[in-house]
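Side chains included, hydrogens not; waters and symmetry mates left out as well; all remaining heavy atoms used. As the structure is a computational prediction, the values presented were derived from the model and not from experiment.
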Amino acid sequence: MPSTEPAPTPVAKGEGPVRVSRPEPGIALIVLDAPARRNALSREMMSALGRALDEVSGDRDIAAVVLAASGPAFSAGHDLKELNAHRTDPDGGRAFYAETMEACARLMQAIVCTRQPVIAAVEGVATAAGCQLVATCDLAVAADTATFATPGVDIGLFCSTPMVALSRNVPRKRAMEMLLLGERLSAEEAERYGLVNRVVAPERVRDEALGMARAIAGKSRLTVAIGKEAFYRQIEMPLSEAYEYAAAVMVENMMAADAAEGICAFLEKRPPVWKGA
């Protein structure tokens, strides 16, 4: 299907295997663009994606982000060739491996900390850290031909960092099944597990993700940012602390101009006019 994307704007004057564009007002589209390497999360890819997220997170005109990929793979996970090449380092690769895993952890946390919701548009295979990337995004749309797996156990490298995102997004027994068996899940199974929100035909994936982004862009950006931050903070708290924290967030939210406008608009049966304050 021919691309309808506008001409992309570079992350940093063309650096890195990532493209950033604005297909419509309020929405950023970030595309992993290293199809020959199956969009592996090499150090270069993670750095470029991190820069792209920094760019959109600081842009108050952006309300939602769609994360997509070129080629048959959304992401095949860490670049095993890159990792293996460092076995000849004086320390056997230990320092490089530690730096790589730290970079991956920072990237995943950057997605969570990005002010705007991030929606994965998965048109192909997502394995290992690529599956982690999908699990880390706030929402996910998948093609009915997409597959998902954490197969590290098959090559003697347990998917321990993908486990962090996976175990926070799917039921515990399902997460352990994926991690211990390494089997591929179909898109329909991934939807049942809660790994993705919606499954559509391959040609509709980006449109569906953009539709979700468009719906989010129509809401108060301040409210959405407050809600996203609160969601991830409360989910790690004990129940009583979570309620105490969430109540305080709601009080502060009620004091915002957008809350006053939204409530008045609802009572007056008119569309709200958001001010972002």
Side-chain angles (χ1 to χ4, degrees), residues 9 11 18 20-31 46 48-68 105-121 132-141 164-165 168-169 194-198 206 208-237 239 241-267 270-277:
T9 56
V11 176
V18 169
V20 181
S21 62
R22 299 190 187 187
E24 53 190 87
I27 299 174
L29 174 64
I30 300 177
V31 179
M46 289 192 289
L49 181 52
R51 290 196 303 273
L53 289 167
D54 284 345
E55 178 184 289
V56 300
S57 185
D59 190 336
R60 298 287 170 166
D61 291 333
I62 298 298
V65 181
V66 173
L67 178 61
R106 286 195 302 271
L107 175 62
M108 300 303 163
Q109 290 175 84
I111 292 172
V112 172
C113 293
T114 295
R115 292 180 64 258
Q116 304 92 339
V118 180
I119 306 164
Q132 176 185 7
L133 190 58
V134 176
T136 301
C137 289
D138 304 297
L139 301 170
V141 178
V164 175
R168 284 163 168 74
N169 283 271
L195 182 59
V196 303
N197 298 88
R198 300 177 185 177
R206 292 200 193 181
E208 187 74 16
L210 287 168
M212 296 172 81
R214 195 176 303 119
I216 292 167
K219 305 182 191 306
S220 161
R221 296 176 191 184
L222 174 70
T223 303
V224 169
I226 289 171
K228 176 173 173 174
E229 180 184 8
F231 178 86
Y232 289 110
R233 289 187 63 180
Q234 66 81 29
I235 205 165
E236 302 297 336
M237 296 177 181
L239 186 63
E241 289 181 25
Y243 270 115
E244 182 179 359
Y245 165 71
V249 170
M250 284 205 74
V251 170
E252 291 304 313
N253 195 170
M254 277 293 294
M255 302 305 294
D258 274 2
E261 166 63 12
I263 292 169
C264 287
F266 176 79
L267 295 174
R270 61 173 175 80
V273 179
W274 305 121
K275 296 180 171 54

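Around OH of Y243, the count of heavy atoms belonging to other residues, nucleotides or ligands within 6.0 Å does not exceed 12. Crowding of M250 atom CE: a count of heavy atoms from other residues, nucleotides or ligands under 6.0 Å not exceeding 12. Summarising the local packing, CZ of F266 is surrounded by 12 or fewer heavy atoms from other residues, nucleotides or ligands at distances under 6.0 Å.
Within the 4.5 Å cutoff, no side-chain heavy atoms of I111 are placed close to those of V65. Proximity of C264 to R270: side-chain heavy atoms (C-beta onward) are separated by under 4.5 Å at one or more points. When side chains are defined from C-beta on, E55 does not count as touching D59, because their heavy atoms never get closer than 4.5 Å. By the 4.5 Å heavy-atom criterion applied to side chains, V141 and V66 are not counted as neighbours.
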Determine, stepwise, if the pair I216 / Q116 fulfils side chain to side chain contact (heavy atoms under 4.5 Å, CB included).
CA-CA 9 Å; I216 292 167; Q116 304 92 339; over 6 Å; no
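D61 meets the salt bridge (Lys or Arg N to Asp or Glu O under 4.0 Å) test with no other residue; sequence neighbours excluded. For the salt bridge (Lys or Arg N to Asp or Glu O under 4.0 Å) test, no residue two or more places apart in sequence or in another chain qualifies with R106. For the salt bridge (Lys or Arg N to Asp or Glu O under 4.0 Å) test, residues two or more places apart in sequence or in another chain that qualify with E229 are R233. When the side chain to side chain donor-acceptor pair (under 3.5 Å) test is applied to S220, the partners found at least two apart in sequence or on another chain are T223, D258. For E241, the salt bridge (Lys or Arg N to Asp or Glu O under 4.0 Å) test picks out no residue, with sequence neighbours left out.
Closest approach of R221 and I62 over heavy atoms only: NH1-N, 4.1 Å. Of all heavy-atom pairs spanning A68 and L29, the tightest one is CB-CD1, 4.2 Å. Residues P23 and A28 share a closest heavy-atom pair of CD-C, 4.4 Å.
Between the CZ atom of R22 and the CD1 atom of I27 there is a distance of 11.5 Å, given to the nearest 0.5 Å. Note: I30 CD1 to L53 CG = 4.5 Å, rounded to the nearest 0.5 Å.
Put simply, the side chain of N253 never gets that close to the backbone of V249: no donor and acceptor are under 3.5 Å apart. With Q109 contributing its side chain and A105 its backbone, the two residues share a donor-acceptor pair below 3.5 Å.
Among pairs with a residue in residues 208-218, those fulfilling salt bridge (charged side-chain N to carboxylate O under 4.0 Å, His left out) read E24-R214, R198-E208, R204-E208, at least two apart in sequence or across chains.
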